[in-house]
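A quick write-up on the structure given underneath.
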Amino acid sequence: MTQPERIVIAVDMDYFYAQCEELRHPEYSGKPIIVGMFSGRTEISGAVATSNYPARKLGIRSGIPLATAKQLLKDTDHLLVKADFEYYESISQKIMNILKGYSEKFVQESIDEAFLDITNAVRGDYNRAAELATEIKDRIMKETGIRCSVGIAPNKLVAKMACDAAKPNGLVVVRPDNVQSFLEGKPVDSILGIGGKTAERLKQLGVTTVDQLAKLPLHRLQAEFGNKLGLYYYLAARGIDEEPLHEKEQDQIGRMLTLKQDSRDVNYITEALSSILPDIEKDLERRRLAYKTVSIVVIDTSLKQHTRARTLKTIETNCSVAIEIAKGLLESFFSQQPDTVARRVGITLSSLAKVEGQKNITEFFNQG
DNA sequence: AATGATACTCGGC
DNA sequence: TTACGGCCGAGTATCATT
């Protein structure tokens with residue numbers, strides 16, 4: 001089996017939200033900057049979305065409670081701001097528009113990350129690929145003021161790892177010949193899709209590095225993790241990834257929120273869900289989608305997640321139907337779970353399908 | 001046997 | 001006395017329906 005001769009670029013903005021804040025608060029560059037998501041429950045209740053390097057040096061990383069971050073900061077001069085997604089989105093769009101121009105095979109992976117297949121653009125030449133990457137970095141910096149890291153490799157998997165190795169503000173090129181040596185000694189959780197839990201399971205098998213992972217036979221991995229994941233890990237450990245770049249189409253629209261008070265009162269929770277429903281409705285209308293499945297999610301006071309779902313017999317565009325379904329799901333959930341108290345709740349619409357024409361389904365039927 | 005629905009875990013940003 | 005966001009997708013197991 002030979003790898004298709006591709007050249008893939010991964011581009012990832014460095015500590016993106018915090019860097020965006022640095023742009024409009026330059027007096028804080030070099031000092032800890034923390035972008036937080038506040039639940040509104042208490043003054044400081046919430047979690048860290050992203051932090052810059054001076055903050056990370058203090059142990060302030062994504063996901064930790066803001067209260068913990070405050071403690072780690074002690075008396076350090078710092079900037080702690082609420083996440084402003086509209087602002088980050090506007091900067092992201094400028095960057096993505098720049099990137100789009102460099103390849104017809106462009107895939108935006110998230111607000112701050114994209115992949116490009118530049119095989120044709122550089123005619124398979126890695127030196128030209130590196131030049132192109134430098135040009136891209138310079139343009140993003142010049143036109144938006146944002147630093148990014150770039151990885152170049154024969155596939156998405158290794159390009160992503162190269163990009164991580166390039167952080168911050170760097171460029172790493174891994175040619176096909178160097179894939180094996182690049183992977184050597186890398187921790188297993190540097191592989192896309194292997195996180196803390198899987199790394200821990202692998203550790204129990206005596207595997208902590210990618211080259212150790214490559215020593216496990218396929219059948220062993222498949223017995224442990226299932227056929228699909230086992231095969232993925234087996235190939236990933238060898239730097240093999242033949243997946244073409246492709247857009248993932250969104251197939252669910254959901255919103256969550258933290259309750260002002262822990263509760264198991266269905267009316268109170270339904271009201272809370274109603275408050276985030278308009279956002280979902282806007283999304284649904286903008287994308288001209290209808291839904292068939294309504295799910296609720298409850299995160300209980302011990303932060304354990306529960307979900308319940310119901311699929312309708314017909315597709316639906318009207319969100320007031322969804323909230324009624326959600327209420328029913330909440331009722332049956334809490335009657336099944338007499339001891340569970342909700343801290344955060346969410347509602348998600350899925351089994352989405354495009355609506356044809358201008359009229360939505362209810363209008364169509366109401367017309368007779 | 002195939003498909004769909006549901007509940008859950010994991011992972012990434 | 002601490003103390004925890006809000007999204008999204010992939011995948012697995014299990015059960016029901018056909």
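Letters go in sequence order (proteins before strands), and every chain restarts at 1. These numbers come from the heavy atoms of this one structure, side chains and all, not from hydrogens, waters or symmetry mates.
- Of the listed nucleotides (B:dC10, C:dC8, B:dC13), B:dC13 has the atom at the smallest distance from the side chain of A:Asp12.
- For A:Ala49, whose side chain is taken as the heavy atoms from C-beta onward, the closest listed nucleotide among B:dC10, C:dG5, C:dC7 is C:dG5.
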CA sep, side-chain torsions, deciding dist, call: A:Val122, A:Tyr102, side-chain contact (heavy atoms from CB on, under 4.5 Å)
CA-CA 10 Å; A:Val122 301; A:Tyr102 284 90; over 6 Å; no
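- For the residue pair A:Glu21 / A:Tyr88, a side-chain donor-acceptor distance below 3.5 Å is found, with atom types taken as modelled.
- In this structure, A:Asp279 places its CG atom 16 Å from C1' of C:dC8, rounding to the nearest Å.
- Using a 4.0 Å heavy-atom distance criterion, A:Lys304 is classed as a sugar-phosphate-only contact.
- Atom CZ in A:Arg56 sits roughly 11 Å away from atom C1' in B:dC13 (whole-Å rounding).
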What does nucleotides 11-18 of chain C look like as a protein-contact string, B for base, S for sugar-phosphate only, - for none, at under 4.0 angstrom between heavy atoms?
SS------
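- Atom pair A:Leu329:CG and B:dT6:P shows a separation of 9 Å (rounding to whole Å applied).
- Using a 4.0 Å cut-off, some side-chain N or O of A:Gln252 falls inside it from OP1 or OP2 of C:dG9.
- B:dG12 and C:dG5 have their C1' atoms separated by 14 Å, with the value rounded to a whole Å.
- Backbone-only contact: A:Gly196 has heavy atoms under 4.0 Å from sugar-phosphate atoms and none from a base.
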Decide side chain to side chain donor-acceptor pair (under 3.5 Å) for A:Arg6 and A:Asn120; before the verdict, give the C-alpha distance in whole Å, the side-chain angles of both, and the deciding distance to 0.1 Å.
CA-CA 9 Å; A:Arg6 285 191 294 161; A:Asn120 295 334; over 6 Å; no
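- Residues A:Lys94 and A:Glu143 have side chains not in contact (no heavy-atom distance under 4.5 Å, counting atoms from C-beta outward).
- Checking C:dC7, B:dA7, B:dG11 against every side-chain atom of A:Lys197, the shortest atom distance belongs to B:dG11.
- The bend of the helix from B:dA1-C:dT18 to B:dC13-C:dG6, defined by the angle between the axes of its first five and last five pairs, stands at 0° to the nearest 10°.
- Defined by atom type and a distance below 3.5 Å, a donor-acceptor pair is missing between the side-chain atoms of A:Arg238 and A:Gln180.
- Checked against C:dG9, B:dC8, B:dT6, the side chain of A:Arg310 finds its nearest nucleotide in B:dT6.
- With rounding to whole Å, A:Ile276 atom CD1 is found 9 Å from C:dG6 atom P.
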Stepwise, does the side-chain contact (heavy atoms from CB on, under 4.5 Å) test hold for A:Ile347 with A:Leu277?
CA-CA 8 Å; A:Ile347 176 169; A:Leu277 202 65; 4.2 Å; yes
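- When the nucleotides C:dA10, B:dT6, B:dT9 are ranked by their closest atom to the side chain of A:Thr311, B:dT6 comes out on top.
- Annotation: of the two residues near DNA chain C, A:Asp251 and A:Val48, the 5′-most nearest-nucleotide partner is A:Val48.
- Closest to the side chain of A:Ile253, out of B:dT9, C:dC8, C:dG9, is C:dC8.
- Side-chain N/O atoms of A:Ser295 and A:Thr307 include no donor and acceptor closer than 3.5 Å.
- Taking 4.0 Å as the cut-off between side-chain N and carboxylate O, A:Arg201 and A:Glu224 count as a salt-bridged pair.
- The distance from atom OH of A:Tyr17 to atom P of C:dG5 is 16 Å, rounded to the nearest whole Å.
- One atom, CD of A:Gln108, and another, P of B:dC13, lie 14 Å apart when rounded to the nearest Å.
- Salt bridge present: A:Glu113 and A:Lys160 bring a charged side-chain N and a carboxylate O closer than 4.0 Å.
- Rounded to whole Å, atom C1' of B:dG11 lies 13 Å from atom CZ of A:Arg201.
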Do any N or O atoms of the protein come closer than 3.5 Å to N or O atoms of nucleotides 2-4 of chain C, and which pairs are they?
residue: C:dT2; atom: O2; partner: A:Gln71; partner atom: NE2; Å: 2.9
residue: C:dC4; atom: O5'; partner: A:Arg343; partner atom: NH2; Å: 3.3

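- A:Arg308 places its CZ atom 18 Å from the P atom of B:dA5, with the value rounded to the nearest Å.
- The existence of a salt bridge linking A:Lys197 and A:Asp189 is excluded, since no basic side-chain nitrogen approaches an acidic carboxylate oxygen closer than 4.0 Å.
- At the heavy-atom level, A:Lys160 lies under 4.0 Å from the strands shown only through sugar-phosphate atoms.
- If you chain together hydrophobic residues whose side chains sit under 4.5 Å apart, A:Leu330 and A:Tyr268 fall into the same group.
- Here A:Leu312 lies out of heavy-atom contact (under 4.0 Å) with every strand.
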Might you work through the side-chain contact (heavy atoms from CB on, under 4.5 Å) test for A:Thr270 and A:Leu273, ending with a clear yes or no?
CA-CA 5 Å; A:Thr270 304; A:Leu273 292 180; 5.5 Å; no
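- One N or O on the side chain of A:Asn52 and one on the backbone of A:Lys31 form a donor-acceptor pair closer than 3.5 Å.
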